There are 2 protein chains.
Amino acid sequence: MSLDLDALRAFVKVAELLSFTRAAEQLGAPKARVSEQVRRLERDVGSVLFTRTTRAVRLTSDGEAFLVRARRLALEADELETMFATSRALRGRVRIDLPVNIACDLVIPRLAELHAEYPGLALQVSTTDRIVDVVREGFDAVVRVGALRDSELTATRIGELTMVNCASPEYVRTHGRPRTPADLDGHVLVHYSAAFGVEAPELEWVEAGRVRSRRLHCIVTVNSADAFRAACIAGLGIAQLPWLGAERHVREGRLVELLPRFRAPPLPVTLLHPHGRSAPRRVRVVLDWLTAVLSPHVTV
Amino acid sequence: MSLDLDALRAFVKVAELLSFTRAAEQLGAPKARVSEQVRRLERDVGSVLFTRTTRAVRLTSDGEAFLVRARRLALEADELETMFATSRALRGRVRIDLPVNIACDLVIPRLAELHAEYPGLALQVSTTDRIVDVVREGFDAVVRVGALRDSELTATRIGELTMVNCASPEYVRTHGRPRTPADLDGHVLVHYSAAFGVEAPELEWVEAGRVRSRRLHCIVTVNSADAFRAACIAGLGIAQLPWLGAERHVREGRLVELLPRFRAPPLPVTLLHPHGRSAPRRVRVVLDWLTAVLSPHVTV
DNA sequence: ACGGACTGTCACGTAGAATCGGACAATGTC
DNA sequence: GACATTGTCCGATTCTACGTGACAGTCCGT
């Protein structure tokens with residue numbers, strides 16, 4: 001007789017993903033249920049919300065209008081459900097995506113603390129360096145390093161990663177230690193390219209407040225941060241690495257920093273999430289925690 | 001697993017009335033259900049919303065905070081449920097209260113039209129001249145004639161009733177026809193007093209923009225509009241009647257108007273409802289209809 | 001043009017939950 | 001202190017939402 005909130009949430013998910021199947025996956029429910037829930041919802045409100053061809057789903061104009069309000073209602077309902085939930089009682093699933101090295105070095109080691117405080121939270125941590133589609137894959141939070149393009153997401157700048165120029169001691173012995181960028185003739189660069197695109201291998205640095213760059217020869221191109229560092233340690237050239245990941249290796253003598261006064265511009269670290277300024281509480285908790293965990297390691 | 005909207009509505013009603021029994025009555029549900037729903041709600045949100053002594057119910061501070069948001073959520077949910085409901089599909093119960101004569105003369109004769117347009121609406125029409133407690137008795141709309149005191153309700157002025165001075169032809173034959181208030185020596189007033197209070201029987205009129213009054217002798221005091229008119233027709237004195245109810249009797253010769261240039265100040269007609277500016281749709285429909293029905297009969 | 005894979009829906013037996021009426025203990029009132 | 005009233009508990013009953021599996025329709029690539 002009365003509106004069903006679960007059905008409403010199902011509708012919102014389907015409307016966002018434009019797919020019953022994917023919505024069902026993300027909701028952790030069988031397709032049949034989602035289908036039935038939306039059917040019931042349509043019967044209850046007395047309007048057809050989707051036009052279904054067996055192959056594609058589209059919102060009707062009624063559906064569009066309904067979605068706006070349904071979203072808000074679902075959010076407020078979530079708020080109400082959790083307004084008295086202590087941290088121990090907070091439950092739900094939160095799906096996040098992190099760059100591999102940030103995940104392995106910073107986040108995963110401290111995940112136990114988060115679990116201890118919020119035992120009801122089920123965290124799904126995806127680690128990948130490729131650009132994921134936040135809404136399509138249903139992520140609640142994504143940490144991005146570097147410039148970003150998406151604009152429909154809420155972005156919070158956490159800080160930035162200091163970049164250092166590194167090479168192996170072996171490499172320095174062979175190629176010499178440059179003192180200024182002018183000394184780079186004959187040097188080799190390890191090239192990082194996420195998509196093996198056509199970008200030319202360049203070394204960047206900041207000089208007098210300006211970003212300058214110089215094209216260098218390169219032997220190897222990689223597409224993962226781990227391989228990038230490994231190649232540098234192997235003496236395959238100079239690499240511009242985040243200090244965060246390079247520090248240990250410099251300390252332990254596997255890498256040395258070059259041209260310390262000509263570092264590349266720092267990479268911005270950003271926290272993205274698809275919910276507006278007011279996310280569900282379980283998500284907010286994770287966002288805050290991520291910020292707290294990452295902040296000490298990124299210079300503001 | 002998810003918040004139950006029916007339970008939420010039950011909670012709101014109980015919180016407003018501070019009684020499970022009365023809430024159950026107004027919701028048209030057995031007490032046991034309301035009790036169980038609220039119990040479930042408390043379990044779901046993880047907090048105790050009421051302090052119950054078997055004799056009295058009070059909101060906890062958590063309950064207070066919850067009520068505010070719960071109200072808003074229930075309202076938005078209602079909005080969502082009815083946003084595509086055609087007039088034929090709109091359903092629900094609306095409880096209104098009207099002065100007896102307005103109900104009998106204007107509203108009830110046209111109730112069939114409302115039903116024809118909104119067959120799903122169940123209207124509960126209470127007719128009474130006493131002042132009802134709008135929230136306590138769960139009215140969705142109340143029409144008041146005359147000055148009003150409540151302020152926590154939303155009030156819409158519909159118009160005002162023209163008042164005329166009437167007497168029976170028999171009375172005029174006996175007592176003479178006054179031309180000005182100064183001629184009223186020896187005349188008799190029929191007195192209306194809702195609560196048989198101590199107000200003195202006075203005849204009021206507007207003269208040069210000022211309200212003036214003159215105390216007169218009276219034989220009978222009544223507390224209902226019908227009895228008031230009946231007393232006047234019976235020749236028991238002059239009565240200050242709304243033209244609306246007196247017109248027919250004047251036309252048919254049972255009453256005559258006296259002192260037409262010294263009429264009493266018109267009585268304001270007001271539509272009250274307890275919902276904020278945004279009432280549920282089924283209520284809004286009735287409010288609009290009442291306004292449309294009453295407007296032509298009340299000069300603005 | 002046509003197989004193939006994927007989409008959303010349907011069927012139906014089942015399990016769990018909400019519901020109802022009535023009885024009960026507790027409490028404020030006269 | 002007796003009474004009336006309040007909110008809750010109890011048991012059987014009814015419903016309805018669910019899951020599994022199979023199905024028909026449609027778009028894609030070749």
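We name chains A, B, ... by the order of the sequence lines, and we start the count at 1 in each one. Note that the structure is a prediction, hence the values are computed from the model and not measured.
- Here D/dC18 presents its C1' atom at 13 Å from CG of A/Asp6, a figure rounded to the nearest Å.
- Atom CZ of A/Arg39 is separated from atom P of D/dT16 by 16 Å (rounded to the nearest Å).
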- Task: Decide salt bridge (charged side-chain N to carboxylate O under 4.0 Å, His left out) for A/Arg284 and A/Glu79; before the verdict, give the C-alpha distance in whole Å, the side-chain angles of both, and the deciding distance to 0.1 Å.
- Result: CA-CA 11 Å; A/Arg284 233 158 39 214; A/Glu79 204 65 32; 3.7 Å; yes

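- B/Phe50 places its CZ atom 16 Å from the P atom of D/dT6, with the value rounded to the nearest Å.
- A/Leu18 places its CG atom 17 Å from the C1' atom of D/dC27, with the value rounded to the nearest Å.
- Atom pair B/Arg22:CZ and D/dT5:P shows a separation of 13 Å (rounding to whole Å applied).
- To the nearest angstrom, C1' of D/dT8 lies 17 Å from CG of B/Leu41.
- At D/dT8, none of the side-chain N or O atoms of B/Arg40 fall inside 4.0 Å of OP1 or OP2 (strictly under the cut-off).
- A donor-acceptor pair under 3.5 Å is formed between the side chain of A/Asp140 and the backbone N or O of A/Arg95.
- The CG atom of A/Asp44 sits 9 Å away from the P atom of D/dA17 (whole-angstrom rounding).
- Taking each heavy atom of B/Leu67 and B/Phe11 in turn, the nearest pair found is CA-CE2, 3.7 Å.
- Ion pairing of B/Asp6 with B/Arg33 is absent here, as no side-chain N (NZ or NE/NH1/NH2) approaches a carboxylate O to less than 4.0 Å.
- A donor-acceptor distance shorter than 3.5 angstrom exists from the side chain of B/Glu42 to the backbone of B/Phe50, with no hydrogens or angles considered.
- In summary, the side chains of A/Thr53 and A/Arg58 do not present any donor paired with an acceptor at a separation below 3.5 Å, with no hydrogens or angles considered.
- The nearest whole Å value for the distance from the CZ atom in A/Arg33 to the P atom in D/dT20 is 10 Å.
- With a cutoff of under 4.0 Å to any heavy atom of chain A, the contacted region of DNA chain C is bounded 5' to 3' by C/dC6 to C/dC10.
- Looking only at distances, no side-chain donor or acceptor of A/Thr51 sits under 3.5 Å from a matching main-chain atom of A/Thr60.
- Residue order along DNA chain D, read from the 5' end via each residue's closest nucleotide, puts A/Asp4 first among A/Asp4 and A/Ala56.
- With the nearest nucleotide of DNA chain C identified for both A/Glu36 and B/Ala29, A/Glu36 has the one nearer the 5' end.
- Across all strands shown, B/Val57 has heavy atoms under 4.0 Å from sugar-phosphate atoms exclusively, and none from any base.
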